[in-house]
Amino acid sequence: MSSQIPHITILGSLNTDLVAYVPHHPLPGETLTATSFLTSPGGKGSNQAVACAKLSRPRDLSSPSAHVSMVGAVGSDSNGDLLLSNLATHGVDSSLVTKLPNKKTGIAMIVVEAETGQNRIIISGEANHQVGEEYVTQGGWLDKTDLLIMQLEIPMGTVLKAVEEAKRRGVDVLLNPAPAKILPDGVYDGLRHLIVNETEAAILGGVEEKELDTLEGLERVGKGFVGKGVENFIATLGGRGVFYLTKGGRSGLIEAEKGVKVVDTTGAGDTFVGRYALEAARARKEGGEFDVGGAVGRANKAAAVTVTREGAARSIPWRDEVE
Ligand code: RIB
């Protein structure tokens with residue numbers, strides 16, 4: 001594409017989040033009264049699109065540093081309309097988000113514990129499950145994309161097809177395999193960026209989560225992915241920070257931001273992906289060396305703002321809030 005700024009496309013899910021804030025997570029058989037309740041735009045795909053858009057421009061939407069597009073599906077209901085307007089408000093091109101007749105928009109039921117800000121999420125995929133392989137080639141969007149971002153809240157066949165088509169065209173892929181599902185080894189071959197949390201790293205790496213408690217364990221698991229062809233392996237570790245390992249042998253453990261008052265962790269991972277993606281896409285467009293440690297540091301800072309606020313897309317900071 002001829003534009004001076006990179007074009008990032010997110011192929012993924014859109015959900016309406018129904019969020020209950022509770023004093024503690026309910027025990028089996030327990031009925032709890034929430035202290036407050038929130039309905040707000042979410043879905044890992046949509047959140048990551050909003051993160052790319054908000055973190056690439058100030059609140060007045062002027063001078064964006066990236067074009068951001070979303071490919072996916074919503075239902076023909078008011079939730080779908082709200083998700084589409086949420087994308088537009090933040091400067092995301094939603095022309096390739098299909099509104100499906102007789103389908104419901106995806107729903108995420110989220111319970112957030114007051115003391116820790118930790119969440120438990122149950123998803124009902126609905127329209128997201130209809131995002132078939134044809135979405136990968138329709139409209140020729142992949143040919144205009146510099147960086148493709150995907151998660152695993154849409155059908156696996158579609159993700160695999162997109163990885164294959166992106167590879168064929170030389171388009172960089174950032175995969176955030178959440179929720180975790182075992183992937184065929186071929187996905188990792190030539191994959192530019194893999195961003196996982198501890199649970200995902202353990203499941204996909206075929207190890208116990210406790211193996212990731214040490215730097216040696218993280219290096220071992222990271223080397224496993226790099227050995228399969230991943231160029232940049234990133235593991236977000238919550239309060240412990242973020243570990244990275246590259247094909248070129250660079251690695252590091254970047255500390256978590258200090259003194260952060262955690263209110264709600266929902267959307268923090270998506271913020272991280274969005275901010276990291278902006279750095280990766282810029283480096284790709286400009287052709288220079290990608291400073292993965294610098295990208296991780298900036299992504300960490302942005303995610304540290306998200307956790308101080310309630311909700312997913314709404315809690316992601318704009319560029320002028322973090323720079
Ligand atoms: O990553 C957070 C998101 O996961 C929520 O917004 C929810 O919709 C689920 O998809």
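Keep in mind it's a predicted model, so treat the numbers as computed, not measured. Just so you know, ligand 1 is whichever comes first in the structure, and atom 1 is the first atom listed for that ligand.
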Under 4.0 Å from a heavy atom of [X]: give me the atoms of ligand 1 that qualify, with their elements.
X      : value
Ala312 : 6 (O)
Ala108 : 7 (C), 8 (O)
Glu153 : 4 (O), 9 (C), 10 (O)
Gly42  : 6 (O), 8 (O)

Please state which option from Leu14, Asn128, Asp17, Asn15 has its nearest heavy atom closest to atom 6 (O) of ligand 1.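 The residue whose heavy atom sits nearest atom 6 (O) of ligand 1 is Asp17.
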Is Arg169 salt-bridged to Asp143, going by a charged N under 4.0 Å from an acidic O?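 Looking at Asp143 together with Arg169, the answer is yes, because their closest N to O distance falls below 4.0 Å.
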Salt bridge between Arg168 and Glu165, side-chain N to carboxylate O under 4.0 Å?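 Looking at Arg168 and Glu165, the cut-off is met.
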Check this for me - ligand 1, Asp270, N or O atoms closer than 3.5 angstrom, yes or no?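 Yes - when backbone and side-chain N and O of Asp270 are compared with those of ligand 1, one distance drops under 3.5 Å.
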Ligand 1 N/O within reach of Gly43 N/O, cut-off under 3.5 Å: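 Among all N and O atoms of Gly43, at least one is under 3.5 Å from an N or O of ligand 1.
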Is there a salt bridge (Lys or Arg N to Asp or Glu O under 4.0 Å) between Arg284 and Asp146? Walk through the geometry before answering. CA-CA 8 Å; Arg284 169 74 176 172; Asp146 295 299; 6.0 Å; no
Please name the residue in the list Arg57, Lys301, Arg309, Arg275 that meets the salt bridge (Lys or Arg N to Asp or Glu O under 4.0 Å) test with Glu321.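 That would be Arg309.
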Gln48 side-chain N/O to Val273 backbone N/O, donor-acceptor pair under 3.5 Å: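 No.
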Would you say the side-chain atoms of Thr158 pair up with the backbone N or O of Val131, donor to acceptor, closer than 3.5 Å?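 The answer is yes, because a donor-acceptor pair under 3.5 Å joins these two groups.
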Of the protein's non-hydrogen atoms, which lies at the shortest distance from atom 4 (O) of ligand 1, and what is that distance?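 Sorting protein heavy atoms by distance from atom 4 (O) of ligand 1 puts Lys44 NZ, 3.1 Å first.
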What protein heavy atom sits nearest atom 3 (C) of ligand 1, and how far away is it?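 Result for atom 3 (C) of ligand 1: Asn47 ND2, 3.6 Å.
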Just checking Lys223: does its NZ atom have more than 12 heavy atoms from other residues, nucleotides or ligands closer to it than 6.0 angstrom?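 Atom NZ in Lys223 is not crowded, with 12 or fewer foreign heavy atoms closer than 6.0 Å.
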